[in-house]
Amino acid sequence: MDAQSAEAIELIRSRMPIRELVGRYVVLKPSGRGTWKGLCPFHQEKTPSFQVDETKGLCYCFGCKSGGDIFAFLQKIEGIEFREALERLAQETGVELPQYKGRSAGRKEALQVLELTQAYFRSHLPGPALQYLQARGLTPASIEQFGLGYAPKSWDGLIKHLQEHGVSPQEGLEAGVLMEREGRYFDRFRHRVTFPILDPLGRIVAFTARALEKDDNPKYLNSPETALFKKSQLLYGYPQARAAIRERGRAVVVEGLFDVIALHQMGFPETVAVLGSSLSVEQAHLLRRADATELYLAFDADEAGRKATLQSLNLEIARSFVVYAVLLEGGKDPGDLLLVPDGKDRFDTALESALPEVEYRFEVASAGLDLKKPEHKQKILEALKPRLISSEPFDPVVEKLKAKVIGALELTPRALEDYLARARTPKRKASSAPDRTQGIGLSRPDLTEKRLLRELDVIALLYSVPEEEFLQWALYVEDHTWPPEGSLLAEFMQAARSEQGKSRILKHFEQRGEGARLIDVLMKSPSFDRQNLEAHLNVALARVREVYYELRLDKLKAQLKSTTDLDETRTLTKEIQEVLQAIEAERRVYKR
């Protein structure tokens, strides 16, 4: 990151206090000097565990471990990428982003191309496409609300339309509405009804198009994924449904786009559709941000639909909802009810009789099996085992599922607990070879954890420096610690050179699995005068070097124990003495 961009990011931080940004989404109350607390927006809780530290410019939930700076918070709460969060905050604070000028312009151009494409599709709707939609029971209001259109049969109609508005075929290709083969461009969608896909901000980011001819495959054709469009991160109908989800406290999740429109028209405006085979983590987060507490999964009744329902139930975040499986009579799709006189009543009945998660899981696991046969009982237990084993001290679904299994399979509680205990115990391979893992320094859990914590302390100190000085101090740390390959600090240094700024590195480690621990240390580390940074850093570096030496000592002792060679014994003994002296030297640095 160049100095101008780093300066711009620091300017955004100075103009957008994190308490002000978080306060738009969370009710915050004072919790001490410069700190505020509130209910976490990322998981359901009754006691506030979400903390905002104005001095450090960070927020963090000590419950679900979500948090970060203003950019990370906006990304998570709005479901957007870092670049968009940066651009939005820059625009709001009046800060110019020199490095992102070209990219920002390109991003706006893509959105403009998609808007021009939508205008083209909408202008061609009257005719066979409109007749098809009307035959399926859609009203003009529904067609207008969801912006349905028609892509004509022409191979270059859209190309010409875009060129008339100054858009090149290459830009149309990048926006995902054109295709290219052997240097020739042509329209991606032809003779199809078009459904615009909107992001949470209500902007068109892609299209899905349904064929009007029976022999035209695939039936539904989607835009390719682009910088704007990631189907696992979006829900069809979400902008139209968000207010109703918040008002009703529930979301109805279906598979088909047409199902969404039909259910909205029938009086279920809280309906959205997945854009893949099942609900994703990102999609579930969108529903949580809309304050949904109940999910009604109305997927197809076939094998694929059952699989999608179970995959959705197995998401960790799904455990923060009360989840039901909706089963329509006769295996119909929700959209089919639009042409049935009592369609609304039928869906109301399906919602009222929806199976709670426990009942649905057991029904799927036991389908076609005899509950009296021991071998069939075993199959049911094997199918339910992943959900019966929970890391939570009290998981209400697990407790109810256990009660269901005990009753339905006529087991004693002790028999079920014994089965689960055996399932939790990993099978060990029989071996007569001695365990040599203690000969490897990193296998010592106490030293490994000690190294990690001390490396996190160093990284926390680095995060206290301004963006423009960050890389300089990161290299200073590297020069004074020589982090071993595979360590967190070594990976951090590598990321510091390649990633663009502190926020991007935080995101990198969040994806790696250490983001929560890093923010936890950042939030708990005491504040200090920046003039004393080098002194604080040198103490932290001495503590890191000490544990590196301890790991080396651990390895040398293991080698000494396993050798019988006299010369090697002398060499190892001498090296052990040198490492012990080095450890004492490091301890003197931080004990002064």
Rounded to the nearest 0.5 angstrom, the CD1-CG distance for I18 and L74 is 10.5 Å
Here the pair of heavy atoms bringing F121 nearest to A151 is CE2-CB, 3.5 Å
inquiry  = Parallel, tilted or perpendicular: which one describes the rings of F50 and F73, with boundaries at 30° and 60°?
reply    = tilted
One should read off an interatomic distance between L173 CG and L162 CG, to the nearest 0.5 angstrom, of 11.5 Å
**Asked** Can any side-chain N or O of E171 pair as donor or acceptor with the backbone N or O of V113 at less than 3.5 Å?
**Response** no
Checklist entry - Can E584 and Y549 be said to form a side-chain hydrogen bond (donor to acceptor under 3.5 Å, both in side chains), step by step? => result CA-CA 10 Å; E584 285 304 314; Y549 283 128; over 6 Å; no
Validation row: L148, I261 side chains within 4.5 angstrom (heavy atoms): yes
Quiz item: Taking NZ, NE, NH1 and NH2 as the nitrogens, is one of them in E144 or R122 under 4.0 Å from a carboxylate oxygen of the other?
Solution: yes
Side-chain donor or acceptor of S312 paired with backbone N/O of L279 under 3.5 Å = yes
* Asked: Can any side-chain N or O of R188 pair as donor or acceptor with the backbone N or O of S223 at less than 3.5 Å?
  -> no
Salt-bridge contact E546-R543 (side-chain N to carboxylate O under 4.0 Å): no
In this structure, OH of Y185 is separated from CD of E180 (nearest 0.5 Å) by 5.5 Å
One thing to verify: whether E550 and K450 come together as a salt bridge, which I'm taking to mean a side-chain N less than 4.0 angstrom from a carboxylate O.
yes
Interatomic distance, CG@L462 vs CZ@F492, rounded to 0.5 Å, equals 5.0 Å
(request) Measure up the Y120 and H161 rings against each other and bin them: parallel (under 30°), tilted (30 to 60°), perpendicular (over 60°). (result) tilted
In short, R454 meets V544 closest at the heavy-atom pair O-CG2, 3.4 Å
Please walk me through it: do Y236 and V272 pass side chain to side chain contact (heavy atoms under 4.5 Å, CB included)? CA-CA 6 Å; Y236 180 72; V272 295; over 6 Å; no
Applying side chain to side chain contact (heavy atoms under 4.5 Å, CB included), run through H285 and K76 and close with a yes or a no.
-> CA-CA 9 Å; H285 274 299; K76 195 170 184 69; 4.3 Å; yes
Residues passing the side chain to side chain contact (heavy atoms under 4.5 Å, CB included) test with A119, sequence neighbours excluded, are none
Does R545 reach the side chain of H480, with side-chain heavy atoms less than 4.5 Å apart?
-> yes
Scanning both residues in full, the closest heavy-atom pair of L234 with L286 reads CA-CD1, 4.2 Å
> How about P269 and R248: do any of their side-chain heavy atoms sit closer than 4.5 Å?
Replying inline: yes
Correct closest heavy-atom pair for I9 and L86 would be CG1-CD1, 3.9 Å
TODO: Show the numbers, then the answer: is there a side-chain hydrogen bond (donor to acceptor under 3.5 Å, both in side chains) between W473 and E534?
DONE: CA-CA 9 Å; W473 281 105; E534 189 169 355; over 6 Å; no
Exercise for review: Go through V22 and W36 one step at a time and tell me if the side chain to side chain contact (heavy atoms under 4.5 Å, CB included) criterion holds.
Suggested key: CA-CA 10 Å; V22 174; W36 301 76; over 6 Å; no
Between the CD1 atom in I197 and the CG atom in L228, the distance rounded to the nearest 0.5 Å is 13.0 Å
- request: Flag the pair E20 and R24 as a salt bridge only when some basic side-chain nitrogen lies within less than 4.0 angstrom of an acidic carboxylate oxygen.
  value: yes
Side-chain contact, heavy-atom cut-off 4.5 Å: V260 with V252? no
* For Q283 and Q233, indicate whether the former's side chain and the latter's backbone hold a donor-acceptor pair under 3.5 Å. => no
(request) Classify the angle between the aromatic ring planes of F146 and H264 as parallel (below 30°), tilted (30 to 60°) or perpendicular (above 60°). (result) perpendicular
Scanning both residues in full, the closest heavy-atom pair of A251 with L287 reads CB-CD2, 3.9 Å
All heavy atoms of I245 vs all of A292, minimum pair found to be CG2-CB, 3.6 Å
Notebook entry, point to check: Given the rule in the side chain to side chain contact (heavy atoms under 4.5 Å, CB included) test, do T194 and T117 qualify, once you have shown the distances and angles that lead to the verdict?
Noted result: CA-CA 10 Å; T194 59; T117 301; over 6 Å; no
Counting C-beta onward and ignoring hydrogens, is there a side-chain heavy-atom pair between K230 and E225 closer than 4.5 Å? yes
Check: Is the NZ or CZ atom of R288 both under 6.0 Å from the centre of the six-membered ring of F42 and within 45° of that ring's axis?
Finding: no
| message | Taking G249's backbone N and O only, do any of them form a donor-acceptor pair with T293's side chain (distance below 3.5 Å, no angle check)? | response | yes
The salt bridge (Lys or Arg N to Asp or Glu O under 4.0 Å) partner of E270 among R246, R250, R242 is R250
Output yes when D69 and R13 qualify as a salt bridge under the 4.0 Å nitrogen-oxygen rule, no when they do not.
yes
For A540, is there any backbone N or O sitting under 3.5 Å from a side-chain donor or acceptor partner on D457? no
Residues at least two apart in sequence or cross-chain that pass side chain to side chain contact (heavy atoms under 4.5 Å, CB included) with E174, listed by chain then number, are Q170
Worksheet entry | Stepwise side-chain hydrogen bond (donor to acceptor under 3.5 Å, both in side chains) test for D53 and T35 | CA-CA 5 Å; D53 190 315; T35 60; over 6 Å; no
Item to complete: Could you tell me whether the side chain of Q163 and the main chain of P169 form a donor-acceptor pair under 3.5 Å?
Response: no
Taken to the nearest 0.5 Å, the spacing of L111 CG from I204 CD1 works out to 9.5 Å
| said: Would you say that D199 contacts F229 through its side chain, given a criterion of any heavy-atom pair below 4.5 Å between the two side chains? | reply: no
So, do L11 and T93 sit near enough that their side-chain heavy atoms are less than 4.5 Å apart? no
**Item:** Min side-chain heavy-atom separation S49-H43 under 4.5 Å
**Value:** yes
